[in-house]
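Everything below concerns the one structure shown next.
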Amino acid sequence: MRRLWVAVGLLACGEESRSGPTGGSGAAESVPAEDAGASAAPPFDLARELLGYWLTASQVGACQRFDEYMHFLPGGVGERVLFDQNACHYAQRGTFITPASYLLDGNLLTWMAPGSLRRFNIGVGTQSDGKRSLGHHAYQRLGPTSWRSISQEESYDAEGTLQRSNSTVDLVLDMPLPDGGEAEMQAYVDVTLETFDRSQAADQRTRFQSWQQELSAHLGPLDGEQVLVLTWPSNVPLPSVLPPSLPITRYERDSLLDQLRLVLPPNQPELLLLAWSGWSEQDAPPPPGTPQPCNGDEDPPCP
């Protein structure tokens, strides 16, 4: 097979790759509508909003031209879809589907594919172009001024070697977020990170890191969204490996400040989403077996 997976324990999905979507027994039950008129908008249902294709990775360069999707179907059935348009090797082109499954507990998503497991909070937002986006590694509200983002990843390579990463990022503000307008506040972030790599020597397999930092915060409109901007000096030492919920960015080349930007989705007040880093909603890629066009540079030449 072109993709080799090792199914271990509960991480295995117990199915072979298939060439098309499969059905399920139905999505998680919708939140019952309260007594409202027929014209009222239906309540937000994350399980329903999640269904469909989401573009999670894309690369163009040299011979590589591919898009990777997460496909959510009803009943906890999922698929990882790779649409490969290799620019140099015609025989490597195609749509390749790997079966997966998922669990949704509130906003906590667990995605399981053969040989891997990923767990983090999610939310559905809207991009500036009007398309929906799936916000990943979101911050979940714990209380009036506290938020938390967790990330868990486990994977096995072809030889069955385990790698694991667990991180927790706690964000505490000195005041509750107002419903609108602008506000200045102080914030505190507490990060813990544990990694395990069985390929390392026994005394080096597990590594713990922690990081705490006070920072300033500004809440206000930005590019059409209500955004919480967390700022601290760029010379502050950071963990050698940053958790995925801390995509720290320096938005201006000569700036001495690093920032983390979090969006307040209006229909999900219990979440803070990583700004503009969500996975975008897409139409289905071509099904397996769809002929791919030739460009004349293939080796060997395509039919």
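Just so you know, residue 1 is the first one in the sequence shown, and it goes up from there.
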> With a 4.0 Å cut-off, would you call Arg118 and Glu154 a salt bridge?
Replying inline: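 No salt bridge links Arg118 with Glu154.
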>> Evaluate Arg119 against Thr110 for side chain to side chain donor-acceptor pair (under 3.5 Å), listing each step before the verdict.
In response: CA-CA 4 Å; Arg119 181 177 290 122; Thr110 301; 2.8 Å; yes
> Under the side chain to side chain donor-acceptor pair (under 3.5 Å) criterion, do Ser280 and Gln282 qualify, and how do the steps go?
Replying inline: CA-CA 6 Å; Ser280 60; Gln282 301 285 323; 2.9 Å; yes
> For the hydrophobic clusters of this structure (ILVMFWY residues joined by side-chain heavy atoms under 4.5 Å, transitively), does one cluster hold both Leu260 and Leu273?
Replying inline: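 Cluster IDs for Leu260 and Leu273 differ.
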> Do Met112 and Ile150 sit in the same hydrophobic cluster, where Ile, Leu, Val, Met, Phe, Trp and Tyr count as joined when their side-chain heavy atoms come under 4.5 Å apart?
Replying inline: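 No, Met112 and Ile150 fall in different hydrophobic clusters.
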> Which word best sums up how the rings of Phe120 and Trp279 line up, parallel for under 30°, tilted for 30 to 60°, or perpendicular for over 60°?
Replying inline: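 Correct class here is perpendicular.
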> Between His71 and Tyr53, what is the ring plane arrangement, given parallel below 30°, perpendicular above 60°, and tilted in between?
Replying inline: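 Parallel, since the angle between the ring planes stays under 30°.
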>> Using 0.5 Å steps for rounding, measure from the CG atom of Leu222 to the CD atom of Glu182.
In response: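 Nearest 0.5 Å value for the CG-CD distance: 10.0 Å.
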Compare all side-chain heavy atoms of [X] with those of [Y] and state whether any distance is below 4.5 angstrom.
X: Asn107; Y: Leu271; answer: yes
X: Leu134; Y: Ile122; answer: yes
X: Ser151; Y: Ser167; answer: yes
X: Leu104; Y: Leu46; answer: yes
X: Gln213; Y: Tyr188; answer: no
X: Trp232; Y: Ile248; answer: yes

>> Let's go through Asp174 and Gln186 carefully: what are the C-alpha distance in whole Å and the side-chain angles of both, what is the deciding distance for side chain to side chain donor-acceptor pair (under 3.5 Å) to 0.1 Å, and is it a yes or a no?
In response: CA-CA 6 Å; Asp174 68 349; Gln186 295 298 308; 5.9 Å; no
Please check this pair: side chain of [X] against backbone of [Y], looking for a donor-acceptor N/O pair closer than 3.5 Å.
X: Arg132; Y: Glu49; value: yes
X: Gln226; Y: Gly181; value: yes
X: Gln259; Y: Leu257; value: no
X: Trp54; Y: Leu50; value: yes
X: Ser149; Y: Tyr139; value: no
X: Thr56; Y: Glu68; value: yes

> Is the Phe72 to Trp111 ring centre distance short of 6.0 Å?
Replying inline: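 Centroid distance Phe72-Trp111: below 6.0 Å, so yes.
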> Can you list the steps and then say if Glu298 with His89 is a side chain to side chain donor-acceptor pair (under 3.5 Å)?
Replying inline: CA-CA 5 Å; Glu298 291 84 2; His89 305 287; over 6 Å; no
> Minimum heavy-atom separation for Val77 to Tyr102, with atom names?
Replying inline: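 Taking every non-hydrogen atom into account, O-CE2, 3.1 Å.
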> Crowded around Arg141 CZ? As in, over 12 foreign heavy atoms under 6.0 Å?
Replying inline: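 Yes - once you tally the heavy atoms of other residues, nucleotides and ligands closer than 6.0 Å, there are more than 12.
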> For Gln200, does the CD atom have more than 12 heavy-atom neighbours from other residues, nucleotides or ligands under 6.0 Å away?
Replying inline: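 More than 12 heavy atoms, drawn from other residues, nucleotides or ligands, come within 6.0 Å of this atom.
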> Going through the checks in order, is the salt bridge (Lys or Arg N to Asp or Glu O under 4.0 Å) test met by Arg93 and Asp84?
Replying inline: CA-CA 5 Å; Arg93 298 179 189 174; Asp84 196 336; over 6 Å; no
